[in-house]
Amino acid sequence: MFDKIFIEEEALNHPKTLSFLKKFPSVKTKTIDSIDQVFGKVRKPYLQKRHNLNAFLGFKKGQLIKEAPPAYGLAGEPHYYFIHQYNCIYECDYCYLQGYFNSPDLVFFLNHEEVGNEIKKAANKNPERCSWFHAGEFSDSLALSHLTGELPYYFELFKQLPQAKLEFRTKSANITELLKLPPLKNVITSFSLSPEKRIQSSDLKTPPLKHRLLAIQKLHQAGHPIAIHFDPIIYSQGFEEQYCQLIEQLISYLPASAIQYISVGVVRFPKDIFHQVKRNYPKSDLHSSELIKSDNGLIRYPRPMRRWILSKVKELLLQAGVAESGIYLCMED
Amino acid sequence: MDLLVFAHANEAQHFLKEGGYKSMPFHFAGLYRNEQNMLLLCGEGIGVAREKMAATLAVHSGEISRVVNLGVCGSLSSQAELETVYSIRTVYGQDCFKSFSSHLGDSRWDLISVRERVLKDSQASELENFAPLIDREAWGIAAACELFKIPFSCLKVVSDRPGETDGVCQKVIEKAPLYSKLLFEAYAEQAPLVINDPQSSLTLSALFYATTSQKNRLKALQSSLELKFPIEAERLESLDLPQLEQLELTPKQRTSLLIERIGDLLNPFQKDIRQQLAELPKPFEKAGFSLKFDGQLESKKMHLNGTICDQRQVVQLIAALKELPYQKIENIFNGKLDV
């Protein structure tokens, strides 16, 4: 899986480092002073992840949790995201990570306790309000959880913070580690879903829809709260039918009443990221879709189209019995 | 033709001998050509390689379809074997953020170009974090290629391992004929450059004339069109060029209509919205005014423009404003559409 594992000197004897290395006994390791010394120092082409992927193990420095931008989650409550990993094993052709770090290598941060302390501070700042903490802003929260082993720590942390909520965002079906843990009402696993045809064309290397739906079903049956993201929606011919079918499929695995919330967002790119998409996936149908460059620099569908897509999907969800209060539309206007 | 670039004549010796290259008069020595290719001796070091490449491409880029850098390199990895030729995937530069990738996508070997010879193990270990192979000029050559948008590829034969100091230069010189021969063989095996010209499938008759900006627009639209309609016959049928050719239009107007037609094919949703908005300015036009909507369909703000010259226009303008279906416009911009 990895070409080389770079380890920060101060992380060499960390228990998580040792358990990680046990899983890759034949991979060459190299000790470095700090991750920044190598990672992102030169621009490593994104698609080299297909053949040469390195891993970095170390401690996250600087800000450990960040306030989330508007339209990140359910409105009216404070949202934060925390970073315990950079980059992802998947290869979604619209993913902004292809232009974010200048390297596709995977970085795993091990100082979860420090992240946890920051989470506690933020959650206790407004104990009367529900603060949300999201994992998976720069990675997939579950895809490699069997290697990184941090889930038990966060479950234990949020058991002590019942007023706060934790969201693990994922496109994976890797729920083995989650199923080992007793479910908590305030720890929600959210799955990003798209119609199967779109998954095949855009969500490269991700599990097929069926596998994700089965994972959702298993987690739900085990009592874990589930949320859904229909984001990014990419418009193509037959869009309504495809989403109608997707919602039907979803509801057959997870009752509408069991969906904690469902976010709906339409594909959009900063200009630089779109440039990377063109470079990496020149044959993607994104380049023949109705995207335009807005005055604010974002590449996205024109406003009437965005609004139409969002309202159509909302309508379909309501028809399927999803509660209106649980649907939030990611509108960036 | 290919431009073959070597740092030193020793590395190029087999090519010069076998290829019948003749020296070309140029601003500096080291540029050669034969019937098929040009050959440049760019000297050692990133800076000098970049300068000579830029000068050569400035004069000859029109003739050159690809640049191939060939030469010796050092190995920082035990996996790279001595006296073996590697096709390079990505070239990094020491202390340089930018990297350049070969147009050939089949290799797994990367290389880093360094500013000075690497003599210490600690330096080699640091550089190995980025690439297993090391040279002195590829990054400068690739940087010049990017400037001129010319495809770049690179073949390197491993001559030594950094850290070896005793007589390395002498050994490399002694083995230069072998290295040059290995490079010659590897180059001969390299796949020829295939250029996919996105404009090749749409040939316009003399009834069309495109200005430079129209040409650029057509080129951009055409690649999107090819993605949407991968089958050429389908694509041409949807464009219906014969119908356009029959219209009483100037060649430039005809091209303009073609561009519009491609835009509509690519953006049927936007076409529909524009059609819904198209009728609305007409009452204003009768009053001598123009009513324009945001071209990007992003803002529902409208621009009304005109000059009032008489009472009749005032009456017509008031009537047009009264009839303006503002709710309909708001609905369109809020996505309440029948599509």
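Protein chains get the first letters and strands the later ones, always in sequence-line order, with residue 1 at the start of each.
- Looking at A:N102 and B:F97, their side chains come closer than 4.5 Å, going by heavy atoms from C-beta outward.
- Neither the backbone nor the side chain of B:D95 has a heavy atom closer than 4.5 Å to any heavy atom of chain A.
- Remark: A:E290 CD to B:F269 CZ distance equals 7.5 Å, nearest 0.5 Å.
- Ranked by heavy-atom pairs under 4.5 Å with chain B, the list A:K44, A:K30, A:Q48 is led by A:Q48.
- Side-chain atoms of B:K228 and A:S289 form no donor-acceptor pair, as typed in the model, at a separation below 3.5 Å.
- Take B:K149 and apply the side-chain hydrogen bond (donor to acceptor under 3.5 Å, both in side chains) test, not counting sequence neighbours, and it matches no residue.
- With a 6.0 Å radius and a threshold of 12 heavy atoms from other residues, nucleotides or ligands, B:Q275 has its CD atom above the threshold.
- Options B:S299, B:S101, B:C96, B:P268 differ in how many heavy-atom pairs under 4.5 Å they form with chain A, and the most are formed by B:P268.
- Ion pairing between a basic and an acidic side chain is recognised when a charged N comes within 4.0 Å of a carboxylate O; A:K293 and B:E298 show no such pairing.
- A:K41 NZ: 12 or fewer foreign heavy atoms inside a 6.0 Å radius.
- Taking CZ of A:R307 as the reference point, atom NZ of B:K336 lies at 9.5 Å (rounded to 0.5 Å).
- When all heavy atoms are compared, the tightest approach of A:P304 to B:I332 is CB-O, 3.1 Å.
- Within 6.0 Å of CD on A:Q319 lie more than 12 heavy atoms contributed by other residues, nucleotides or ligands.
- A donor-acceptor contact closer than 3.5 angstrom is absent between the side chains of A:S294 and B:Q296.
- With A:R303 contributing its side chain and B:F333 its backbone, the two residues share a donor-acceptor pair below 3.5 Å.
- By the neighbour-count criterion of 12 heavy atoms within 6.0 Å, atom NZ of A:K61 is densely surrounded, having more than that number from other residues, nucleotides or ligands.
- For residues 128-141 of chain B, the interface with chain A (any heavy-atom pair closer than 4.5 Å) comprises B:E128, B:N129, B:F130, sorted by residue number.
- Heavy atoms from other residues, nucleotides or ligands lying under 6.0 Å from CZ of A:R279 number 12 at most.
- In this structure, CG on A:L291 lies 11.5 Å from CG on B:L266, to the nearest 0.5 angstrom.
- When the shell of 6.0 Å around NZ of A:K205 is examined, it contains more than 12 heavy atoms from other residues, nucleotides or ligands.
- Of the possible donor and acceptor atoms, none in the side chain of A:S288 sits under 3.5 Å from a partner among the backbone N and O of B:L225.
- No more than 12 heavy-atom neighbours from other residues, nucleotides or ligands sit within 6.0 angstrom of NZ on A:K271.
- Taken from OG in B:S224 to CG in A:D285, the straight-line distance is 11.0 Å, to the nearest 0.5 Å.
- The CG atom of B:N267 sits 9.5 Å away from atom CD1 of A:I292, with the distance rounded to the nearest 0.5 Å.
- To the nearest 0.5 Å, the span separating OG1 on B:T90 from CG on A:N52 amounts to 9.0 Å.
- More than 12 heavy-atom neighbours from other residues, nucleotides or ligands sit within 6.0 angstrom of CZ on B:R274.
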